[in-house]
Amino acid sequence: MLLPVYKRMPLCFVEGKGAWLTDDQGDTYLDFVSGIAVNALGHAHPIMIEAIAEQAQKLFHISNLYYAENEKKITKLLIDNTAFDHVFYTNSGAEAVELAIKIAKKHGNSTQNGKNEIIYMENSFHGRTNGALSITGQEKYQKPFEPLLPNVKMIPFNDVDALKVAVSEKTCAVILEPIQGESGIRQVSDAFVKTARQLTEENGAFLIFDEIQCGMGRTGTLFMYEQLGVTPDIITIAKALGGGFPIGAVMTKDAASEVLTYGDHGSTYGGNPLACAVAYAVSNELIHGGVIKQVTSLGAYAQEQLKIVLSKYSAFKEIRGCGLLLGIAFDAKLIDAATIVNQAIKEKLLLVSAGDNVIRFFPPLNVTTDEIDEAIKRLDLALSSLLT
Ligand SMILES: *Cc1c(COP(=O)(O)O)cnc(C)c1O
């Protein structure tokens with residue numbers, strides 16, 4: 001038996017192709033969950049199959065005692081296409097966040113008076129490990145596992161005044177998601193992110209962006225920071241980086257790249273040749289295969305069509321997010337997001353809810369407009385049977 005930490009749907013999938021999944025009954029579903037923003041190229045993409053098959057015949061794992069060819073390739077690709085100059089590979093998002101915390105703390109400890117306070121956001125989500133949970137601003141996740149890390153301080157997201165009060169010479173890092181994903185698709189405001197950049201700079205603290213959900217092209221650019229006009233010192237990446245194969249990363253620039261030295265961190269599996277082969281194939285297709293280029297227009301199309309179809313329901317509130325990181329907010333007094341997810345399954349459409357009574361609309365990034373139309377049609381059918 002599995003530990004009962006997930007409330008699973010009574011569905012068991014056996015195969016997939018693109019945006020489609022087939023279950024063990026032979027039924028086909030349109031997948032607008034994408035493994036929670038992971039399957040950027042959809043299921044069973046030929047480029048990923050080829051990368052895995054080819055690498056599997058050569059090398060799976062060698063440990064980080066040596067260099068690996070694919071690690072060099074993915075590293076060059078990421079550095080060439082971002083503002084960052086160094087990378088460390090992990091196996092998951094939470095592990096990337098743990099390393100970002102360690103870099104900020106070591107840097108803080110090395111300063112003259114020692115700084116070790118991390119400022120984090122209400123309604124944030126950074127992962128389930130002890131450190132990442134300590135800066136995940138949701139009581140339901142934190143409470144059962146107290147005591148968590150000391151010297152962390154939560155402030156309301158996008159509250160510029162609270163940020164100004166919170167950041168001090170004791171601050172070693174401010175961490176935020178440019179678009180909060182898990183808690184309901186909320187974007188950081190211009191004023192907040194610019195103030196965060198300015199205050200961290202003034203106080204010798206690092207600004208950390210968690211782009212695990214919003215990164216790797218889902219918002220229409222490789223990373224969201226590009227659209228905000230603010231470059232963080234550290235970025236955490238995972239989910240779509242491997243397109244379904246487990247891999248995450250921390251990228252750093254300038255001073256943040258100078259903090260760690262031999263022995264400060266490690267991972268047995270992190271950046272192994274198989275994971276790096278897949279990550280390279282996926283990232284290369286996203287960046288150079290024209291996938292990310294289409295995300296903005298596909299997202300605009302989806303938003304427009306969703307608004308046309310959903311505006312007839314008084315329970316529909318708004319569409320949040322950008323690119324294909326879209327959230328549809330519903331009035332909690334009229335309908336529960338979980339009910340919509342369950343009804344959509346009956347229409348053979350897979351969706352996942354987020355906090356604040358939001359349905360995430362997360363197709364693969366190479367989705368077609370026909371598939372977007374089909375998903376909206378099925379969502380409309382689900383809603384019409386619930387709301388009329
Ligand atoms: C999913 C997610 C994580 C955690 O990633 P895991 O791979 O599940 O550990 C952290 N931060 C954000 C923003 C996420 O969406």
Side-chain angles (χ1 to χ4, degrees), residues 3 5-6 33-40 88-104 118 120-138 140-142 145 148-149 152 154 157-158 173-188 193 207-219 222-225 228 232 234-251 267 269-272 275 278-279 282 320-327 352-356 358-362 365:
L3 282 175
V5 294
Y6 281 105
V33 174
S34 297
I36 317 185
V38 168
N39 307 102
F88 182 93
Y89 296 102
T90 65
N91 309 288
S92 67
E95 279 173 77
V97 172
E98 294 294 331
L99 176 55
I101 293 171
K102 282 180 71 176
I103 293 171
I118 300 175
Y120 70 100
M121 304 302 141
E122 194 173 7
N123 292 323
S124 57
F125 184 85
H126 297 295
R128 307 299 198 128
T129 53
N130 197 62
L133 186 60
S134 304
I135 51 170
T136 285
Q138 302 188 55
K140 65 177 186 230
Y141 293 144
Q142 288 188 331
F145 303 102
L148 292 163
L149 282 188
V152 293
M154 184 177 83
F157 191 41
N158 283 339
V174 172
I175 181 165
L176 60 89
E177 295 154 88
I179 299 185
Q180 290 188 336
E182 208 267 349
S183 68
I185 318 295
R186 286 186 190 280
Q187 190 171 322
V188 71
V193 79
L207 180 61
I208 305 170
F209 280 5
D210 180 344
E211 295 224 23
I212 290 168
Q213 190 159 154
C214 65
M216 296 310 295
R218 186 155 285 276
T219 66
L222 183 57
F223 292 107
M224 186 66 196
Y225 77 83
L228 298 173
I234 304 173
I235 191 171
T236 56
I237 316 169
K239 294 203 163 100
L241 175 61
F245 200 91
I247 182 168
V250 173
M251 294 191 78
S267 167
Y269 288 131
N272 82 57
V278 188
V282 172
R320 298 180 189 163
C322 67
L324 291 171
L325 189 89
L326 296 175
V352 59
S353 61
D356 204 23
V358 163
I359 300 281
R360 280 180 271 196
F361 194 84
F362 283 10
L365 303 186

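As the structure is a computational prediction, the values presented were derived from the model and not from experiment. Ligands are counted one by one from 1 in listed order, and the atoms in each one are counted from 1 as well.
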Donor-acceptor contact present, side-chain Glu98 to main-chain Ala132, <3.5 Å: yes
Criterion side-chain contact (heavy atoms from CB on, under 4.5 Å) against Val97, the qualifying member of Thr136, Ile234, Ile212, Thr90: Ile212
Would you mind listing which atoms of ligand 1 come within a distance below 4.0 Å of any non-hydrogen atom of Glu177? 13 (C)
Evaluate Phe125 for polar contact with ligand 1, using N/O atom pairs at a separation under 3.5 Å. yes
Please list, in number order, the atoms of ligand 1 under 4.0 Å from a heavy atom of Asp210. 10 (C), 11 (N), 12 (C), 13 (C)
Ligand-residue contact atoms, ligand 1 with Gly93, heavy atoms, under 4.0 Å: 5 (O), 6 (P), 7 (O), 9 (O)
So, is Glu95 polar-close to ligand 1, with some N/O to N/O distance under 3.5 Å? no
Could you check whether atom 8 (O) of ligand 1 has a protein contact, counting only heavy atoms that fall below 4.0 angstrom? no
Check: Tyr269/Glu95 side-chain N/O donor and acceptor closer than 3.5 Å: no
As a check for students: among Ala96, Ala94, Gly248, identify the option with a heavy atom nearest to atom 4 (C) of ligand 1. Ala94
Report the part of Lys239 (side chain from C-beta onward, or backbone N, CA, C, O) that has a heavy atom under 4.0 Å from ligand 1; answer both or neither where that applies. side chain
Backbone N/O of Gly137 and side chain of Ser124: donor-acceptor pair under 3.5 Å: yes
Here's a test for you: under side-chain contact (heavy atoms from CB on, under 4.5 Å), which of Asp356, Ile179, Val358, Asn123 qualifies with Arg186? Asp356
Could you check Gln180, Glu182, Arg360, Glu177 and say which one makes a side-chain hydrogen bond (donor to acceptor under 3.5 Å, both in side chains) with Gln213? Arg360
Spacing of Ser134 atom OG and Ile101 atom CD1 [to the nearest 0.5 Å]: 6.5 Å
Any heavy atom of Glu182 closer to ligand 1 than 4.0 angstrom? no
